[in-house]
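Written below as structure tokens is the structure these notes are about.
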Amino acid sequence: QLQLVESGGGLVQPGGSLRLSCAASGGTLDYYAVGWFRQAPGKEREGVSCISSSGGSTNYADSVKGRFTISRDKAKNTVYLQLNSLKPEDTAVYYCAAKRGLATMLVLYAHWGQGTQVTVSS
């Protein structure tokens, strides 16, 4: 059973950066599309970014385009989300998820991590 563990969250000032990691165990991510999602208190979980199994296709929510970058390292069985120019409205629990087939920004993934908190505040 594929298991995902996120790390890299924390408290950062506005304008700062973080790199989130999504490490897989119990299987290889090579055959999975991976998505990053976030959920702020009182709000629904929303798609932030996703990457195809090959890494050749990526997609971003309009709110993070130009600031966040998704990538994958097959040798490390890990997907990353680089967060730059962070804003207070980026504060949320960030989750990674994996699925067979096409990558999507919709919450249609079979495997989920436990989440990592990102707080952007001065």
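Computed from a prediction, not measured in an experiment: that's the story for all the values here. For this chain, numbers begin at 1 and follow the sequence in order.
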**Complete:** Taken in chain and number order and not counting sequence neighbours, the residues that satisfy side chain to side chain contact (heavy atoms under 4.5 Å, CB included) with S54 are S52

**Request:** Give a yes or no answer on whether the side chain of Q1 reaches the backbone of G26 with a donor-acceptor pair at less than 3.5 Å.
**Result:** no

**Prompt:** What residues form a side-chain hydrogen bond (donor to acceptor under 3.5 Å, both in side chains) with Q3, not counting sequence neighbours?
**Reply:** none

**Request:** Mind checking side-chain hydrogen bond (donor to acceptor under 3.5 Å, both in side chains) for T104 and listing every partner two or more places apart, or none if nothing turns up?
**Result:** none

**Non-neighbouring partners of Y60 that pass ring pair (Phe, Tyr, Trp, His ring centres under 6.0 Å), sequence neighbours left out** = none

**Message:** For residues V64 and I51: do they belong to one hydrophobic cluster (side chain heavy atoms under 4.5 Å, members Ile, Leu, Val, Met, Phe, Trp, Tyr)?
**Reply:** yes

**Prompt:** Does Y80 belong to the same Ile/Leu/Val/Met/Phe/Trp/Tyr cluster as V118, with side-chain heavy atoms less than 4.5 Å apart forming each link?
**Reply:** no

Which pairs count as salt bridge (charged side-chain N to carboxylate O under 4.0 Å, His left out) when at least one residue sits in [range], sequence neighbours excluded?
| range | answer |
| --- | --- |
| residues 57-66 | D62-K65 |
| residues 103-122 | none |
| residues 100-122 | none |

**Message:** I need the full list of disulfide bond (SG atoms under 2.5 Å apart) pairs touching residues 23-75, with sequence neighbours left out, sorted by first then second residue.
**Reply:** none

**Request:** Enter the distance from K76:NZ to L29:CG here, rounded to the nearest 0.5 Å.
**Result:** 14.0 Å

**Message:** Do W112 and R45 have side chains that approach each other closer than 4.5 Å (heavy atoms only, starting at C-beta)?
**Reply:** yes

Just list the side-chain donor-acceptor pairs under 3.5 Å for residues 89-97, sequence neighbours left out, or say none.
{"residue": "D90", "atom": "OD1", "partner": "R38", "partner atom": "NH1", "Å": "2.9"}
{"residue": "D90", "atom": "OD1", "partner": "R67", "partner atom": "NH2", "Å": "3.0"}
{"residue": "D90", "atom": "OD2", "partner": "R67", "partner atom": "NH1", "Å": "2.7"}
{"residue": "D90", "atom": "OD2", "partner": "R67", "partner atom": "NH2", "Å": "3.4"}
{"residue": "D90", "atom": "OD2", "partner": "K87", "partner atom": "N", "Å": "2.8"}
{"residue": "T91", "atom": "OG1", "partner": "P88", "partner atom": "O", "Å": "2.9"}
{"residue": "T91", "atom": "OG1", "partner": "V120", "partner atom": "N", "Å": "2.9"}
{"residue": "Y94", "atom": "OH", "partner": "R38", "partner atom": "NH1", "Å": "2.9"}
{"residue": "Y94", "atom": "OH", "partner": "D90", "partner atom": "O", "Å": "2.6"}

**Item:** Linked hydrophobic residues, L106 as query - side chain contacts closer than 4.5 Å
**Value:** L108

Contacts under 3.5 angstrom, residues 8-22 side chains, donor-acceptor by atom type, not counting sequence neighbours:
{"residue": "S17", "atom": "OG", "partner": "N84", "partner atom": "OD1", "Å": "2.9"}

**Request:** Quick one: which residue pairs count as a side-chain hydrogen bond (donor to acceptor under 3.5 Å, both in side chains) with a foot in residues 24-34, not counting sequence neighbours?
**Result:** T28-D30

**Message:** Taking the ring centre of each residue, are W36 and F68 less than 6.0 Å apart?
**Reply:** no

**Message:** Go through it in stages, so that I can follow the logic: the residues are T69 and L81, the test is side-chain contact (heavy atoms from CB on, under 4.5 Å), and I'd like the CA-CA distance, side-chain angles, deciding distance and then a yes or no.
**Reply:** CA-CA 6 Å; T69 304; L81 187 68; over 6 Å; no

